[in-house]
> 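This structure is in structure tokens; I'll ask about it shortly.
All figures in this text were calculated on a predicted structure; none of them were measured in a lab. Reckoned from all heavy atoms, side chains included, excluding hydrogens, waters and symmetry mates.
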2 protein chains.
Amino acid sequence: MRDDPAGLAEQVSSVLRHLVLLLRRTVAGQPLTSQQYGVLGSLEPGPRRMTELAEEHAVQLPTMTVQINRLEDAGLVTRGGDPADARVRTARLTDEGRERLRAVRAARIAHLTEELAALTDDERATLAAALPVLAKLGRS
Amino acid sequence: MRDDPAGLAEQVSSVLRHLVLLLRRTVAGQPLTSQQYGVLGSLEPGPRRMTELAEEHAVQLPTMTVQINRLEDAGLVTRGGDPADARVRTARLTDEGRERLRAVRAARIAHLTEELAALTDDERATLAAALPVLAKLGRS
DNA sequence: CGGGGAATATTAGCCAGGCTAAGTTAGTTG
DNA sequence: CAACTAACTTAGCCTGGCTAATATTCCCCG
């Protein structure tokens, strides 16, 4: 019963639910919601336009507008424009935003590292082997 | 660099983000939100009390109250009581709720099954091996 | 017993984060 | 140059979290 796709699907579904709850707990109480953290992460390489951000986060444009508004109010990003097209607006990290991103990322990695440290070497190896497979899911 | 917990943590973190987005897409447009689906799933074996449901879903009691209110309005669950303790209230699936749960679950499993069918046997085996490890994360 | 604290739920009011619809401003094109 | 399209923003609604404030009911101890 473990190698048929349908049976496996049920197990995967159940594990995914568990991981979602885990992530929720990991994020609770941090100074950034996971969505805000995600957006900041997208800005790390440099300024991005609103439409790009919305697409990358699988979200409608108005939703991203509001997110950026909040981040701007918090002083973590600033808005800019494109000299070649006055319709487009860009968001860019402020220094404070970059620092905040760094700190939150460090906290998350530390948290996960702790979880992983509780596993055996074998378990970590098994997990590492499966990551590329998980990453493939949904790429179709 | 692949077997130190910290490096692994970064990879896991990234894959988790991907999976969260995948789940979001899977759920979009279905006749039940993932939270409602989750609650209905908890009711499948039989009536449950509010506190139990809240704990199981890692949510405060008032949040669960509201969820059940909505499901009740939708005709998918009914409330009951405990003859032995008049303080407790229980939620139970209606026939319609049971049918809805069945349909949504089938759709989700079908979707995941499709994803999994696109993998090779080896990849499925790798994934299956890693599921118990993933399930262990956060149990500490 | 009976009165007070603990347990169980609910309601109310707040916020984040989705959505669609409608409005604005700037390019593009016939 | 008028009309369409593209890029955003604003407004208004919903779900789903939270805490604080009630109600009820149970239970224990004096």
> Do A:V77 and A:L40 have side chains that approach each other closer than 4.5 Å (heavy atoms only, starting at C-beta)?
yes

> Give me the residues of residues 37-51 of chain B where at least one heavy atom lies under 4.0 Å from an atom of DNA chain C, by number, or none.
B:R49, B:M50, B:T51

> Which residue is it: B:R102, B:R105, B:R98? I am looking for the one with a side chain to side chain donor-acceptor pair (under 3.5 Å) to B:E44.
B:R105

> How many whole angstroms separate atom CZ of B:R79 from atom P of C:dT8?
16 Å

> What is the separation between atom CD on A:E52 and atom C1' on D:dA6, rounded to the nearest whole Å?
15 Å

> Rounded to whole Å, please give me the gap between CG in A:L61 and C1' in D:dT10.
12 Å

> For A:R48, is there any backbone N or O sitting under 3.5 Å from a side-chain donor or acceptor partner on A:T90?
no

> Quick one: pull up CD in A:Q36 and CD1 in A:I68 and give me the separation to the nearest 0.5 Å.
9.5 Å

> Given B:L8 and A:L131, is the side-chain contact (heavy atoms from CB on, under 4.5 Å) satisfied, shown in steps?
CA-CA 10 Å; B:L8 185 56; A:L131 288 182; 3.8 Å; yes

> Which atoms form the tightest heavy-atom contact between A:Y37 and A:L32, and what is the distance?
CA-CD1, 4.2 Å

> Would you tabulate the pairs of protein nitrogen or oxygen atoms and nucleotide nitrogen or oxygen atoms of nucleotides 23-27 of chain C closer than 3.5 angstrom?
from   : atom 1 : to    : atom 2 : distance (Å)
C:dG27 : OP1    : A:A86 : N      : 2.7
C:dG27 : O5'    : A:D85 : OD1    : 3.4

> Under 3.5 Å, side chain of B:S42 to main-chain N/O of B:L53, donor-acceptor pair present?
no

> State, yes or no, whether a side-chain contact exists between B:H57 and B:Q67 at a heavy-atom distance under 4.5 Å.
no

> Enter the distance from A:L127:CG to B:L137:CG here, rounded to the nearest 0.5 Å.
6.5 Å

> Please identify each residue that fulfils salt bridge (Lys or Arg N to Asp or Glu O under 4.0 Å) with B:R49, with sequence neighbours left out.
none

> Could you walk me through whether A:R89 and A:T65 pass the side-chain contact (heavy atoms from CB on, under 4.5 Å) test, one step at a time?
CA-CA 10 Å; A:R89 318 235 45 204; A:T65 292; over 6 Å; no

> If Ile, Leu, Val, Met, Phe, Trp and Tyr residues are connected whenever their side-chain heavy atoms lie under 4.5 Å apart, and connections chain through other members, are A:V66 and A:V59 in the same group?
no

> Determine whether A:L43 and A:L101 make a side-chain contact, defined as any pair of heavy atoms from C-beta on separated by less than 4.5 Å.
no

> Tell me the interatomic distance from A:E72, atom CD, to D:dT9, atom C1', rounded to whole angstroms.
12 Å

> Under 4.0 Å from any atom of DNA chain C, heavy atoms only: list the residues of residues 62-70 of chain B that qualify, in numerical order.
B:P62, B:T65, B:N69

> Please report, rounded to the nearest Å, how far the P atom of C:dT11 is from the CG atom of B:D73.
11 Å

> Whole Å only: how far is the CG atom of B:L32 from the C1' atom of C:dG18?
17 Å

> Please report, rounded to the nearest Å, how far the C1' atom of C:dC19 is from the NE2 atom of A:H57.
18 Å

> How large an angle, rounded to 10°, do the end axes of the helix from C:dC1-D:dG30 to C:dG30-D:dC1 enclose when each is built from five base pairs?
10°

> Quick one: which residue pairs count as a salt bridge (charged side-chain N to carboxylate O under 4.0 Å, His left out) with a foot in residues 73-82 of chain B, not counting sequence neighbours?
B:E72-B:R79

> Counting side-chain heavy atoms from C-beta on, which of D:dG17, C:dT10, C:dT20 comes nearest to B:Q35?
D:dG17

> Would you kindly give the CD-to-P distance between B:Q36 and D:dT15, to the nearest whole Å?
8 Å

